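Fair warning: this is a prediction, and the values are worked out from it, not measured in the lab.
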Amino acid sequence: QVQLVESGGGLVQPGGSLRLSCAASGIIFSINSMAWHRQAPGKERELVAFITRGGSTKYADSVKGRFTISRDNAKNTVYLQLNSLKPEDTAVYYCNMVTVTGQQYWGQGTQVTVSS
């Protein structure tokens, strides 16, 4: 059974930092891409950051220079470092993984709330 387990969300003040983690288990094939998406209340889910197996990254314009995505291939884990958080970063954050065979998996989501 495939599971993607996320952790690290929470409540933080504006300007603060958080580190999200997402660990996959039960995936037989190698993971190609890993990504983080987010969905704020009343809005569509959007791509936040993306990383290939080789380490190439892509970010949404709204988080460039503040968020950093990284991965540990040996642990099937993807991370998202969130710095200089703003209230508009408040959302449920979801990890996403796609295997080399094209199978796609999602985490259950972790809440990030930025508020004073």
Side-chain angles (χ1 to χ4, degrees):
Q1 182 179 357
V2 176
Q3 279 191 312
L4 271 62
V5 179
E6 300 162 355
S7 60
L11 172 63
V12 64
Q13 292 186 343
S17 297
L18 285 173
R19 188 186 192 219
L20 307 183
S21 299
C22 174
S25 61
I27 296 180
I28 298 174
F29 298 102
S30 296
I31 298 171
N32 189 6
S33 64
M34 297 181 175
W36 288 94
H37 297 245
R38 68 185 180 187
Q39 187 166 19
K43 295 188 177 182
E44 293 186 354
R45 189 174 297 190
E46 62 173 351
L47 175 66
V48 175
F50 174 93
I51 185 167
T52 67
R53 184 168 181 81
S56 297
T57 58
K58 177 181 178 180
Y59 296 92
D61 288 341
S62 59
V63 307
K64 281 180 182 176
R66 300 189 297 121
F67 292 6
T68 303
I69 189 171
S70 60
R71 63 188 283 172
D72 185 329
N73 290 331
K75 296 181 179 179
N76 280 348
T77 299
V78 61
Y79 306 95
L80 187 67
Q81 179 68 40
L82 296 75
N83 296 330
S84 302
L85 281 161
K86 304 175 182 180
E88 52 263 43
D89 295 318
T90 295
V92 179
Y93 285 70
Y94 298 90
C95 67
N96 169 264
M97 298 188 186
V98 182
T99 69
V100 294
T101 57
Q103 292 168 299
Q104 181 169 211
Y105 302 99
W106 290 89
Q108 79 286 356
T110 185
Q111 177 70 47
V112 171
T113 302
V114 184
S115 175
S116 55

ask   = Taking all atoms of both residues into account, what is the closest heavy-atom pair of Val92 and Gly109, and its distance?
value = CG1-CA, 3.8 Å
message = For Thr113 and Gln111, which I'm curious about, is there any donor-acceptor pair between the side chains at under 3.5 Å?
response = yes
request  = State whether a side-chain donor-acceptor pair under 3.5 Å links Ser17 with Asn83.
outcome  = yes
ask   = Would Val2 and Met34 show up in the same hydrophobic cluster when neighbours are defined by side-chain heavy atoms closer than 4.5 Å?
value = yes
key: Exercise: do Thr99 and Thr101 side chains pair donor with acceptor under 3.5 Å   = yes
ask   = How far does CD of Gln3 sit from OG of Ser25, to the nearest 0.5 angstrom?
value = 5.0 Å
inquiry  = As an exercise, state the distance from CD of Gln81 to CG of Leu20, rounded to the nearest 0.5 Å.
reply    = 8.5 Å
key: Test: Arg38 cationic atom under 6.0 Å from Tyr94 six-membered ring centre, within 45° of axis   = no
query = Just wondering, do Pro14 and Pro87 contact through their side chains at under 4.5 Å, heavy atoms?
reply = yes
query = Is the count of non-hydrogen atoms from other residues, nucleotides or ligands lying under 6.0 Å from Glu44 atom CD greater than 12?
reply = no
Residue pairs passing the ring-ring contact (aromatic ring centres under 6.0 Å, His included) test where at least one lies in residues 37-81, sequence neighbours excluded = His37-Trp106
remark   = Nearest heavy-atom contact between Val114 and Thr90 is N-OG1, 2.9 Å
remark   = Of Cys95, Ser33, Ser21, Ser70, the one forming a side-chain contact (heavy atoms from CB on, under 4.5 Å) with Val78 is Cys95
ask   = side chain to side chain contact (heavy atoms under 4.5 Å, CB included) between Ile31 and Tyr105: does it pass, once the steps are laid out?
value = CA-CA 10 Å; Ile31 298 171; Tyr105 302 99; over 6 Å; no
inquiry  = Using only atom types and a distance under 3.5 Å, with no angle test, would you say the side chain of Arg53 pairs donor to acceptor with the backbone of Ser30?
reply    = no
remark   = Residues Leu47 and Ala60: closest non-hydrogen pair is O-CB, 3.5 Å
task = Report the distance from atom CG of Asn32 to atom CD1 of Ile51, rounding to the nearest 0.5 Å.
result = 11.5 Å
request  = Quick one: pull up CD in Gln104 and CE in Met97 and give me the separation to the nearest 0.5 Å.
outcome  = 11.5 Å
note = Here the gap from Leu85 atom CG to Ser115 atom OG, rounded to the nearest 0.5 Å, amounts to 12.0 Å
key: Partners passing salt bridge (Lys or Arg N to Asp or Glu O under 4.0 Å) against Lys43 (at least two apart in sequence or in another chain)   = none
ask   = Are Asp89 and Lys86 ion-paired here, with the side-chain N under 4.0 Å from a carboxylate O?
value = no
query = Looking only at heavy atoms, what is the nearest atom pair of Gly8 and Leu18, with distance?
reply = O-CD2, 3.7 Å
Trace of the side chain to side chain contact (heavy atoms under 4.5 Å, CB included) decision for Asn96 with Trp36 = CA-CA 6 Å; Asn96 169 264; Trp36 288 94; over 6 Å; no
remark   = When every non-hydrogen atom of Val48 is compared with those of Val63, the smallest separation belongs to O-CG2, 3.6 Å
task = Could you grab the distance from atom CD of Glu6 to atom OG1 of Thr77, nearest 0.5 Å is fine?
result = 12.0 Å
